[in-house]
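Quick notes on the structure that follows.
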Amino acid sequence: MEPDINQRIWQVVALIPPGKVATYGDVAAQAGLPGAARRVGRALKLLPTGTRIPWHRVVNAQGGISLPPGSSSQYTQRERLEAEGVVFKANGAVDLRRFRAFQP
DNA sequence: GTACTGACCAGAT
DNA sequence: CATCTGGCCAGTA
């Protein structure tokens, strides 16, 4: 595995402004790796607890959180986003049309 | 070496 | 709306 790739991914994630989100696919594309959404997921999984990278601003293509429901990290992600003003709809997903950082 | 899995996704059916 | 299909690619068994 190439560590440079993870660096690029993390750097892109760091660019997402507060109150906005980006999808895994968006982050991959911004990092110059179109179609490598899965790598983004892996890269985020490697982040140490307590990192300053705003990993919570990355959601899946449906605007939902791709972490096991009930896990502490899932709870943390939702809490942090709501604290930044991101609104979750009844189905547990955010409105990407309003909160997406890298609009097409 | 194959087979399955996963913080995924777009397009077709 | 729900499912399926094929693409992606590193880790694990």
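A note on names: the letters A, B, ... follow the listed sequences, proteins ahead of strands, and every chain is numbered from 1. Side chains included, hydrogens not; waters and symmetry mates left out as well; all remaining heavy atoms used.
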Outermost DNA chain C nucleotides near chain A [under 4.0 Å, heavy atoms]: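 Under 4.0 Å from chain A, the extent on DNA chain C is C/dG7 to C/dG11.
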Can you tell me if A/Gln77 uses its side chain to pair, donor with acceptor, with the backbone of A/Val58 under 3.5 Å?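 Yes; judged by distance alone, with no hydrogens or angles, the pair exists.
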Can you measure from [atom1] ([X]) to [atom2] ([Y]) and round to the nearest 0.5 angstrom?
X	Y	atom1	atom2	value
A/Thr23	A/Phe102	OG1	CZ	9.5 Å
A/Ile9	A/Arg39	CD1	CZ	6.5 Å
A/Leu44	A/Trp10	CG	CH2	9.0 Å
A/Arg80	A/Arg57	CZ	CZ	9.0 Å

Membership question, hydrophobic clusters at under 4.5 Å side-chain separation (ILVMFWY): are A/Val40 and A/Leu46 in the same one?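 Yes; A/Val40 is reachable from A/Leu46 via cluster members.
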Could you pick out which residue, A/Ala37 or A/Arg42, lies toward the 5' side of DNA chain B when each is mapped onto its nearest nucleotide?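 Closer to the 5' end of DNA chain B: A/Arg42.
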Write down the distance between [atom1] ([X]) and [atom2] ([N]), rounded to a whole number of angstrom.
X	N	atom1	atom2	value
A/Gln74	B/dG6	CD	C1'	17 Å
A/Leu33	B/dC8	CG	P	17 Å
A/Tyr24	B/dA10	OH	P	13 Å
A/Leu96	B/dA10	CG	C1'	14 Å
A/Ile9	B/dC8	CD1	P	13 Å

Counting only heavy atoms not in A/Glu79 (residues, nucleotides, ligands), do more than 12 fall under 6.0 Å from its CD?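 Check passes, neighbour count above 12.
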Closest to the A/Trp55 side chain: B/dG6, B/dC9, B/dA7?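 From the listed options, B/dA7 comes nearest.
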Tell me which nucleotide among B/dG6, B/dA7, B/dC9 gets nearest to the side chain of A/Arg38.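 From the listed options, B/dG6 comes nearest.
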B/dA7 to C/dG6 separation - P atoms, rounded to the nearest Å: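 Straight-line distance between the two P atoms is 23 Å.
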If you take any heavy atom closer than 4.0 Å to DNA chain B, which residues from residues 75-91 of chain A end up in contact?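 Close to the strand, none.
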For A/Ala61, report the nucleic acid contact type (base, sugar-phosphate, nothing); a contact means any heavy atom under 4.0 Å.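 The residue A/Ala61 makes sugar-phosphate contact but no base contact.
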A/Arg98 versus A/Val87: any side-chain heavy-atom pair under 4.5 Å?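 They are in contact (side-chain heavy atoms under 4.5 Å apart), so the answer is yes.
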Just to verify, which of A/Arg78, A/Gln74, A/Glu84 counts as forming a side-chain hydrogen bond (donor to acceptor under 3.5 Å, both in side chains) with A/His56?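 Option passing the side-chain hydrogen bond (donor to acceptor under 3.5 Å, both in side chains) with A/His56: A/Glu84.
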